[in-house]
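For the numbers below, each heavy atom of this structure counts, side chains included, while hydrogens, waters and symmetry mates do not. Here is how names work: the chains are called A, B, and so on, in the same order as the sequence lines, proteins then strands, and each is numbered from 1. Please read all numbers here as calculations on a predicted model, not as lab measurements.
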Amino acid sequence: MSEFITEDKRTHYCGNIRAGHAGEDVVLMGWVHRRRDLGGLIFIDLRDREGIVQIVLDPEKKPQAHALAHDIRSEFVLAIKGRVNLRPADMINPSLKTGEVEVVIDELEILNESDTPPFVLDGETDVSENLLLKYRYLDLRRKGIQQNIILRSKVTAETRTYLQREGFIDVETPFLTKSTPEGARDYLVPSRVSPGAFYALPQSPQLFKQLLMVSGFDKYYQIVKCFRDEDMRADRQPEFTQIDMEMSFISESDIINTAEGMMAHIFKACLDRDMRVPFPRLTYREAIDRYGRDNPDTRFSLEIEDLTDIAGRSGFRVFSEVVKNGGMVKALLLTDGKTLSRKDLDALGDFVGQYGAKGLAWVRVNKDGWTGSIEKFFDQGNIKSINEKMGAQPGSLLLFVADTKDVVNDALGALRIHLAEKLELIDRETLAFTWITEFPMFEYSKTEERYMATHHPFTSPVTQDIPLLETNPGKVRARAYDLVLNGSEIGGGSIRIHKSDVQSMVFKTLGLGEDEARTKFGFLLDALKYGTPPHGGIAFGLDRMVMIMAGAESIRDVIAFPKTLKATCLLTDAPSKVSAEQLADLSLKTI
RNA sequence: GGGGUCGUAGUUAAGUCGGUUAUAACGCCGGCCUGUCACGCCGGAGGCCGUGGGUUCGAGUCCCAUCGACCCCGCCA
């Protein structure tokens, strides 16, 4: 029976003891981080979420406690009572926040023992992810990851503070909801009482938040789990969290202002960083032209230049043929090209191959012209024009990709990031927000042979483009905007369609027949007929936001209990087989 | 669905051209040690080399398959 728990409360966190507490009696609870047994004196580093403090056991002063401490091992849980002592100057440990003091033990109690942990919890050792995920509760004892989870808690708290203050109302929406076409694959949940019918877990609360606008809540928000059954990446999980919001009687600028205010508040409150607002804006077109993608990392320049005109006139067949067939030629310039060897360039060729590029052409610029295998195909005039357009100087390296528009942008967009990382062009302290605006409403999918919504099917087209819905959908612009931070899309939203007829036209453009639209989205089309206010909103990916704020490399580092790339949980072993009885209850059979 | 990296004591890694008893560090166990803080010193235990098959006189090493983790492409309105 624990005397400390019943009679004494913990007085401090281990990590918070400071020189100012000297002379005080304290009660601490925590885990044994390390034990140093000198034969006589025993030192224990006691750890809790706030940090580590050194405990001293002297055999002459407290023989019983000292004897007990002899059997203590790593990760035992202790309660201790003792006095805070200032350490003599030569015994101060500057690497600990508590390094100026130590706690001299009066009483010691082992609250629980621990098996030897499967890995050392010091945060230094590299341990395989496999093991960390299996023993996640131990991994979460480590300082780095614990700090990430605590940061995440601050971010959600400050989000709520800001949005509540701005008059937003937190409304919960269903997790068991209706499967809808478009978008990602749904996670399905079978219904017991409706045999053969399924709920879907929401990919986002999109339609419910729009309905809340119809209901007149005016400003809604929610910090909410979303579910998408697609393949993982370093920054994707099957269940992830959105900061979701929606407002009525507003236009783009209202959403953007609110979002900027929220970001500035969160970054100030959680990281003490002052974010200058408004954030820079780029149109989708500009982003693709200059950075090759709609989530540009603007922490460094290294912009992509379009050389289609000049390259089309060159004697280099690879370029001129591509241009003749409607493709394009674009290039990147590295000022200090000498750092890349021939072998590096071959590797970069392989790299762009992943994006469908058939090769990476390159030349080195020197005082007299170019050197490189493709130099002979260019006359002095073309070389001069390209050098000028690129801003090339002696020592520069030019990297070209010639292909269809999409391949060129994909390949160079990715190469730009790859080179910036390889050549360390990125300042890790910078936080570069960028809005991307004027997205196309639709993209044509070759695999599906139809137009797909770039954003989602409830996004409002730009008003003057509405007539184009029937004549030229590819030209319709959407009233959509994404927020990009350091090359990561952390948020996206739009002004929604609030007229039933426009919504029907968009469904039609997407190839959704009237009957099908009725079956899948009838409730929305009905709602739009009952006085729907103009409205719009945005949703932020909380996990990605926190990931960047924490400087984490994987989304798993900011989620307490994440899943693997195969969407399994190594801790609980989910998903798992269920009994025949459970299946029978649900009228299900496995095949 | 496609491409890639990795898998060897509890952990992290080494292991040459296929060759005798598979190394090291940390951790663990035991002993010594009263100012350590990644304590130190001495000693010890610990291996289905992911799994299954094949080639070979002989496989951690070569081949095939398979499982798992991670990274990328496709996919993610």
**Asked** Ignoring hydrogens and angles, does a donor from either the side chain of A/Arg35 or the base of B/rC37 sit under 3.5 Å from an acceptor on the other?
**Response** no
**Message:** Under a 3.5 Å cutoff, is there a donor and acceptor pairing between the side chains of A/Ser204 and A/Gln242?
**Reply:** no
**Request:** Give A/Gln203 one of three labels, base, sugar-phosphate or nothing, depending on what nucleic acid heavy atoms sit under 4.0 Å from its own.
**Result:** nothing
**Asked** With a 4.0 Å cut-off on heavy atoms, is A/Arg34 in touch with a base, just the backbone sugar-phosphate, or nothing at all?
**Response** sugar-phosphate
**Item:** Closest to side chain of A/Met91, choosing from B/rC37, B/rC76, B/rG68
**Value:** B/rC37
**Request:** Sort out the partner of B/rG44 for me: Watson-Crick or G-U wobble, both distances under 3.5 Å, none otherwise.
**Result:** B/rC28
**Prompt:** Any idea which of B/rG30, B/rC76, B/rG35 is nearest the A/Arg228 side chain?
**Reply:** B/rC76
**Message:** If you only use heavy atoms from C-beta on, which nucleotide in B/rA38, B/rU34, B/rC29 is closest to the side chain of A/Asp58?
**Reply:** B/rU34
**Prompt:** So, A/Glu438 and A/Arg285, do they make that salt bridge, N to O below 4.0 Å?
**Reply:** no
**Prompt:** Between the side chains of A/Ser488 and A/Asn486, is a donor N or O closer than 3.5 angstrom to an acceptor N or O?
**Reply:** no
**Message:** Using a heavy-atom cut-off of 4.0 Å across all strands, would you classify A/Glu129 as base, sugar-phosphate, or nothing?
**Reply:** sugar-phosphate
**Item:** Residue-phosphate contact under 4.0 Å: A/Arg87 side-chain N/O, B/rU36 OP1/OP2
**Value:** no
**Request:** With heavy atoms under 4.0 Å as the rule, sort A/Thr454 into base, sugar-phosphate or nothing.
**Result:** sugar-phosphate
**Prompt:** Is any N or O donor-acceptor pair between the side chain of A/Asp231 and the base of B/rG74 shorter than 3.5 Å?
**Reply:** yes
**Prompt:** Between A/Ala234 and A/Ser74, which is nearer to the 5' end of RNA chain B once each is assigned its nearest nucleotide?
**Reply:** A/Ser74
**Asked** Can a salt bridge be assigned to the pair A/Asp45 and A/Arg47 using a cut-off of 4.0 Å between side-chain N and carboxylate O?
**Response** no
**Item:** Side chain of A/Thr116 (C-beta onward), nearest among B/rG27, B/rU34, B/rA69
**Value:** B/rG27
**N or O in side chain of A/Ser128 less than 4.0 angstrom from B/rU12 OP1/OP2** = yes
**Request:** Answer with base, sugar-phosphate or nothing: what part of the nucleic acid does A/Ile52 contact at a heavy-atom distance below 4.0 Å?
**Result:** nothing
**Message:** With the six-membered base ring of B/rU36 as reference, does the ring of A/Phe43 sit under 5.5 Å away with planes under 30° apart?
**Reply:** yes
**Short side-chain N/O contact to B/rC39 OP1/OP2 from A/Arg36, under 4.0 Å** = yes
**Request:** Name the closest nucleotide to the A/Leu133 side chain, picking from B/rC70, B/rG68, B/rA38.
**Result:** B/rC70
**Message:** A/Lys358: which residues meet the salt bridge (Lys or Arg N to Asp or Glu O under 4.0 Å) condition with it, sequence neighbours left out?
**Reply:** A/Asp403
**Item:** Distance in angstrom units between A/Leu131 CG and B/rU11 P, rounded
**Value:** 6 Å
**Message:** Using a heavy-atom cut-off of 4.0 Å across all strands, would you classify A/Thr568 as base, sugar-phosphate, or nothing?
**Reply:** sugar-phosphate
**Asked** Minimum heavy-atom separation for A/Pro117 to A/Leu138, with atom names?
**Response** CB-CD1, 4.2 Å
**Prompt:** Any ion pair linking A/Asp139 and A/Lys134 (charged N to carboxylate O, less than 4.0 Å)?
**Reply:** no
**Message:** What I want to check is whether an N or O donor and acceptor connect the side chain of A/Arg233 with the base of B/rG74 at under 3.5 Å.
**Reply:** yes
**Request:** Name the residue closer to the 5' end of RNA chain B, choosing between A/Pro118 and A/Gly39 according to the nucleotide with the nearest heavy atom.
**Result:** A/Pro118
**Item:** Protein-nucleotide distance (A/Glu230, atom CD; B/rC76, atom P), rounded to Å
**Value:** 6 Å
**Message:** Heavy atoms only, 4.0 Å cut-off, all strands: where does A/Asp90 land among base, sugar-phosphate and nothing?
**Reply:** nothing
**Message:** Does A/Pro117 reach a base, just sugar-phosphate, or nothing at all? Heavy atoms under 4.0 Å.
**Reply:** nothing
**Asked** If you check the A/Leu570 side chain, which of B/rC72, B/rU34, B/rA69 turns out closest?
**Response** B/rA69
**Request:** State whether A/Thr564 places a side-chain N or O below 4.0 Å from either non-bridging phosphate oxygen (OP1 or OP2) of B/rA69.
**Result:** yes
